[in-house]
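Contents: one structure, followed by commentary.
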Amino acid sequence: MFPWQKNKTEAIEKRKARKISRNMKDNVTYIEEQYSYGVNFDFESRSLQGPAVKYHIFFYTTTVSTKQLNDDIITPLLASKKPIPIDRIVTVSSLNSLKNMDDVEKGLNTGSVIIFQDGVSEAYEASIPDFKHRSIEKADNERTVKGPKDALTESLTTNISMIRKKMPSKDLIVESIDVGVRPVDPVSLVYTRDLVNDKVLENIKSRIKSITVDNIRNIEVLEQFLEERPRSLFPTMLYTERPDNAANYISDGFIVIMMDNSSSCLIAPMTIWGFFHSPEDIYLRWAFGNFSRLIRVFAYLITLFVSAAYVAITNFHSQLVPIDLLLAIAASREKVPLPITFEVLLMEVAFELIREAGVRIPNPLGPTIGIVGALILGQAAVEANIVSPIVVILVALSGLSSFSAANYSINHTLRISRFLFILAAGFFGAFSLLGAIIIWLAYVVSLNSFGVPYFSPQTPHTKSSDDTYFRKLLKNIKWRPGYLKPKDMDKN
């Protein structure tokens, strides 16, 4: 350990170990110094002189409920005529006794009121947080026609409340683990204790505890610290904003990871098949749900291979194309000066530019992107003989198919993999494309998600839940995913 790291660690440990003094003046001086009282405009340090005892309270005016503060804390303290313990005076439901200053700071940071009593070497934390957050709204990224519409918000307590509403069970556990130092942020693991695989649970806990950065603000940042291969293109945790989707996975033995300030959660461990599933699949009738999955599979294949196949066939295997179609392609490219590979890459990059601009642009300007994209790419580029019409059609088909991805994380994987396959097809046609696909598949098979093989239950083969590829009728789905090794495999 470097000297400056050692000094930093020692200072943090010393601060954590500081005990609460019987002398209230010492405690007040320490807290006011730590929280820059007088500079922090919303930090309040207030002395209360009761009929029998003197108290001192600390809180942030912007994070606590002022009504509860006045009704349940200040008024009872000022009215108390006997020197009795604070927990017999204050009427707040959540009241904890604190022994050291580290706990005092954690309480203040999470929106609690800290109460000191003169001559007592302990403090009390009254939890009355009133952090502002938006109300529950519809899901933006995982829209469904049938099924619940509510989405997670940036409030952890609200999110847990929604999951508990969907799973009213004593076996549903919400376990908290602290991560980071400046400040300490709680990470919540939600699981069913009579289903979860303890080995997987311990794996996730140990990875969270091993994180040593100063702070992790939300679940999106935490995901990058938890993944076994952070440089991989493939996500190993499912990112969802729907509480019903999270509850469905929990009931199968999965573990949900949540943090405050995040309007989504992570589900682990996850296999590649989970990214083919939409939350709506379970709400649709058997035939409709499977039809949607089939369409999605075709869309994934089109996204990945249609442009690469065009490059490979027209460049190296033109004998595979019917003569009429070949003549049509040749005629459309007659005046295009660019090689086919470069032409396709140019259009793919242009489509990605329009997509990125469409995401970032303010809503009132959204139609502008469509007009500019259609005019420039669909008409002007063809008339200028920069690209051929058939390439415009293929790239549009590939781009539209990528929007059918059931999960936002796998959408990025498809988009980047598509470029790799186009480049591979540009070298030796179908042979190099086939080689790239084999390497791509070998890499996918080698991945793990918290100890669970990424290609399970296909390889290694395990007992399927009958809802892996295409699902059965709901009443015929009898097993939970075998690769999870849940404590109870039987659903019935």
Side-chain angles (χ1 to χ4, degrees), residues 7-132 157 176 178-186 214-215 260:
N7 293 337
K8 174 183 170 184
T9 306
E10 287 177 351
I12 292 172
E13 293 301 323
K14 185 178 179 182
R15 195 174 65 187
K16 285 183 177 178
R18 184 185 175 98
K19 299 292 183 184
I20 295 173
S21 170
R22 285 182 178 276
N23 187 336
M24 193 166 70
K25 188 177 179 182
D26 290 344
N27 296 327
V28 171
T29 303
Y30 177 80
I31 294 294
E32 288 183 347
E33 181 185 345
Q34 291 295 317
Y35 283 82
S36 302
Y37 177 62
V39 178
N40 262 335
F41 83 97
D42 62 339
F43 186 73
E44 189 67 33
S45 170
R46 186 181 299 177
S47 179
L48 301 175
Q49 182 60 61
V53 183
K54 189 177 180 181
Y55 305 97
H56 204 99
I57 61 175
F58 294 99
F59 56 94
Y60 280 111
T61 56
T62 51
T63 63
V64 301
S65 167
T66 51
K67 185 175 186 306
Q68 273 192 290
L69 176 66
N70 291 326
D71 294 348
D72 301 337
I73 297 176
I74 294 179
T75 303
L77 287 177
L78 293 177
S80 175
K81 297 180 180 178
K82 295 181 180 178
I84 56 178
I86 290 175
D87 56 356
R88 292 171 58 187
I89 304 172
V90 174
T91 57
V92 174
S93 59
S94 177
L95 192 69
N96 298 317
S97 172
L98 308 177
K99 299 294 184 185
N100 58 58
M101 286 298 181
D102 185 50
D103 291 334
V104 169
E105 292 180 19
K106 286 181 181 176
L108 282 170
N109 295 339
T110 53
S112 297
V113 175
I114 303 299
I115 311 165
F116 288 98
Q117 183 175 353
D118 195 16
V120 179
S121 61
E122 67 176 344
Y124 279 89
E125 173 192 0
S127 180
I128 51 171
D130 187 25
F131 289 101
K132 306 303 178 190
T157 53
S176 182
D178 288 340
V179 65
V181 178
R182 297 188 178 112
V184 175
D185 289 300
D214 265 8
N215 61 69
D260 209 1

Notebook entry, point to check: Is a donor on one side and an acceptor on the other found under 3.5 Å between the side chain of R22 and the backbone of G119?
Noted result: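 Checking the backbone N and O of G119 against the side chain of R22, a donor-acceptor pair under 3.5 Å is found.
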
Check: Is there a donor-acceptor pair under 3.5 Å between the side chain of D118 and the backbone N or O of K54?
Finding: no

Quick one: pull up [atom1] in [X] and [atom2] in [Y] and give me the separation to the nearest 0.5 Å.
| X | Y | atom1 | atom2 | value |
| --- | --- | --- | --- | --- |
| D260 | T110 | CG | OG1 | 10.0 Å |
| D103 | E122 | CG | CD | 12.0 Å |
| Y30 | S21 | OH | OG | 12.5 Å |
| D42 | Y35 | CG | OH | 11.5 Å |
| I20 | D102 | CD1 | CG | 10.5 Å |
| K106 | I114 | NZ | CD1 | 12.5 Å |

Next item on the list: Among N70, D71, D130, find the one that has a side chain to side chain contact (heavy atoms under 4.5 Å, CB included) with S65.
Entry: D130

Checklist line | Sole residue of L108, I73, V113 in side chain to side chain contact (heavy atoms under 4.5 Å, CB included) with V64 | finding: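 In the set L108, I73, V113, the residue that makes a side chain to side chain contact (heavy atoms under 4.5 Å, CB included) with V64 is V113.
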
Check: Aromatic rings F43 and Y60: how do their planes relate, parallel, tilted or perpendicular, breaks at 30° and 60°?
Finding: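 The arrangement is perpendicular - the two ring planes meet at more than 60°.
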
Identify the two heavy atoms, one from [X] and one from [Y], that lie closest to each other, and give their separation to 0.1 Å.
| X | Y | result |
| --- | --- | --- |
| E125 | S112 | OE2-OG, 2.9 Å |
| L78 | Q49 | CD2-O, 3.8 Å |
| I57 | L77 | CG2-CD1, 4.5 Å |
| F116 | M24 | O-SD, 3.8 Å |

Next item on the list: Given side-chain contact (heavy atoms from CB on, under 4.5 Å), test Q117 with Y124 step by step and report yes or no.
Entry: CA-CA 9 Å; Q117 183 175 353; Y124 279 89; 5.7 Å; no

Margin query: Can you confirm whether T61 sits close enough to T66 that some side-chain heavy atom of one is under 4.5 Å from a side-chain heavy atom of the other?
Written below: no

Margin query: Any heavy-atom pair between the side chains of P76 and V90 that's under 4.5 Å?
Written below: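 Sidechains of P76 and V90: no contact.
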
Next item on the list: Give the intermediate values and the outcome of side-chain contact (heavy atoms from CB on, under 4.5 Å) for residues R46 and F58.
Entry: CA-CA 7 Å; R46 186 181 299 177; F58 294 99; over 6 Å; no

Margin query: I'd like to know whether K19 forms a side-chain contact (heavy atoms from CB on, under 4.5 Å) with S121, so could you lay out the CA-CA distance, the side-chain angles of the two residues, the decisive distance to 0.1 Å, and finally the verdict.
Written below: CA-CA 8 Å; K19 299 292 183 184; S121 61; over 6 Å; no

